[in-house]
Amino acid sequence: MSIMAVQVEVLFLLALLAMMTTISAKAKCPTVPVIADFSTKLHRGTWYEIERIDNPLQMTAKCISYTYCPKRNGDMRVSYGRLELAMLNRTTTRGTLTRIDRKYPNQFKLSLEAINDLDQSVIYTDYKKHAVLYGCEGGIEFAFILSRERKPIGRRTLRRLYQYLRDLGTDVNQLITSDQTGCDVCSRVC
């Protein structure tokens, strides 16, 4: 086994241990509000992750972005881009957000190469600047605050966006800032 393989395995085990101590767990997942007029066409394009509830899939990543492309049936293709610090390379994973039901246009099942059928909902978006995503599986919460720009969001705006998560009973103190610094070197690839 190469030194690089051992390092990756050790990082994975450390991430798993950290996940077990930091993942937000609830007794029951909340009912996510419906955004009746949610538009995949307006949500399209690239969003940058500003904050998130930490999770093992992103513990060694920075410069995280999501690019959404709507499909005719209301689903969306998604490209999840990131700079993997353990491997020191830019990685893009492609997948699909499948709309759960036409009655719930903002609620999807996310399928990526490593993830299948994870609930993910857009619980807020203004389409032009900010969005809040939320998912919960078996009591495990995932939350993301996204922006159309890599730069930090002002405190007043963050407090307003946090309220959408608080309304679901999420402890916003669990959110961590996503590192969006030094991303220019990989912007052509993203």
Side-chain angles (χ1 to χ4, degrees), residues 15 19 22-59 61 63-82 91-148 153 158 161-172 174-178 180 190:
M19 172 193 77
T22 62
I23 280 186
S24 171
K26 293 181 158 212
K28 183 180 175 191
C29 293
T31 300
V32 176
V34 175
I35 300 175
D37 61 350
F38 179 77
S39 168
T40 57
K41 289 179 183 175
L42 294 175
H43 192 71
R44 77 181 308 152
T46 300
W47 292 88
Y48 301 99
E49 186 180 276
I50 302 302
E51 291 193 8
R52 70 172 182 265
I53 291 179
D54 210 7
N55 64 74
L57 299 174
Q58 296 178 306
M59 293 181 108
C63 303
I64 298 170
S65 65
Y66 305 88
T67 301
Y68 299 101
C69 299
K71 297 167 86 175
R72 290 181 188 207
N73 65 357
D75 296 347
M76 289 190 283
R77 288 188 312 273
V78 61
S79 293
Y80 162 54
R82 65 221 173 265
T91 304
T92 301
T93 305
R94 289 178 173 70
T96 304
L97 282 167
T98 304
R99 188 173 280 172
I100 294 172
D101 188 313
R102 290 188 187 278
K103 295 176 194 170
Y104 312 107
N106 62 311
Q107 298 176 16
F108 301 89
K109 287 283 186 186
L110 172 64
S111 294
L112 292 171
E113 293 167 10
I115 301 170
N116 284 314
D117 296 333
L118 176 69
D119 285 340
Q120 188 171 83
S121 298
V122 179
I123 61 171
Y124 169 79
T125 184
D126 62 8
Y127 301 109
K128 295 178 182 177
K129 291 184 180 182
H130 307 111
V132 181
L133 277 55
Y134 179 84
C136 185
E137 288 286 331
I140 308 285
E141 292 187 293
F142 298 90
F144 308 91
I145 293 180
L146 307 180
S147 175
R148 291 289 190 180
I153 296 173
L158 270 177
L161 297 174
Y162 288 160
Q163 191 57 49
Y164 292 97
L165 293 168
R166 282 190 189 104
D167 290 347
L168 294 174
T170 300
D171 177 4
V172 297
Q174 297 176 91
L175 291 166
I176 63 166
T177 301
S178 298
Q180 292 288 348
C190 305

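Numbers for residues simply follow the sequence, beginning at 1. All values below come from the heavy atoms of this structure, side chains included, with hydrogens, waters and symmetry mates left out.
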Atom [atom1] of [X] and atom [atom2] of [Y]: how far apart are they, to the nearest 0.5 Å?
| X | Y | atom1 | atom2 | answer |
| --- | --- | --- | --- | --- |
| Glu137 | Gln120 | CD | CD | 10.5 Å |
| Tyr48 | Ser65 | OH | OG | 6.0 Å |
| Leu118 | Leu110 | CG | CG | 5.5 Å |
| Ser111 | Asp117 | OG | CG | 4.5 Å |
| Thr170 | Tyr134 | OG1 | OH | 4.5 Å |
| Asp167 | Ile123 | CG | CD1 | 8.0 Å |

To check you understand the geometry: which heavy-atom pair defines the closest contact between [X] and [Y], and what is its length?
| X | Y | value |
| --- | --- | --- |
| Glu51 | Leu175 | OE1-CB, 3.5 Å |
| Cys29 | Gly139 | SG-N, 3.4 Å |
| Gln180 | Glu49 | NE2-O, 2.9 Å |
| Leu168 | Pro33 | CD2-CD, 3.8 Å |
| Val34 | Asn106 | CA-OD1, 3.6 Å |
| Phe108 | Thr40 | CZ-CG2, 4.2 Å |

For [X] and [Y], indicate whether the former's side chain and the latter's backbone hold a donor-acceptor pair under 3.5 Å.
| X | Y | result |
| --- | --- | --- |
| Tyr66 | Leu146 | no |
| Gln174 | Asp171 | yes |
| Glu141 | Ile53 | no |

- Query: Would Arg99 and Asp101 pass as an ion pair if we require N to O under 4.0 Å?
  - Reply: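 Looking at Asp101 together with Arg99, the answer is no, because their closest N to O distance does not fall below 4.0 Å.
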
[Y] and [X], any side-chain heavy atoms less than 4.5 Å apart:
| X | Y | value |
| --- | --- | --- |
| Val78 | Leu112 | yes |
| Trp47 | Phe144 | no |
| Lys128 | Arg148 | no |
| Ile64 | Tyr80 | yes |

- Query: Stepwise, does the side-chain contact (heavy atoms from CB on, under 4.5 Å) test hold for Lys109 with Asp119?
  - Reply: CA-CA 5 Å; Lys109 287 283 186 186; Asp119 285 340; 2.6 Å; yes

- Message: For Tyr104, I'd like to know if atom OH has over 12 heavy atoms of other residues, nucleotides or ligands within 6.0 Å.
- Response: no

- Please identify each residue that fulfils ring pair (Phe, Tyr, Trp, His ring centres under 6.0 Å) with His130, with sequence neighbours left out.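 By the ring pair (Phe, Tyr, Trp, His ring centres under 6.0 Å) rule, His130 matches no residue at all.
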
- Task: Classify the angle between the aromatic ring planes of His43 and Tyr68 as parallel (below 30°), tilted (30 to 60°) or perpendicular (above 60°).
- Result: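 If you compare the ring of His43 with that of Tyr68, the planes turn out tilted.
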
- Stepwise side-chain contact (heavy atoms from CB on, under 4.5 Å) test for Val172 and Gln163: CA-CA 9 Å; Val172 297; Gln163 191 57 49; over 6 Å; no

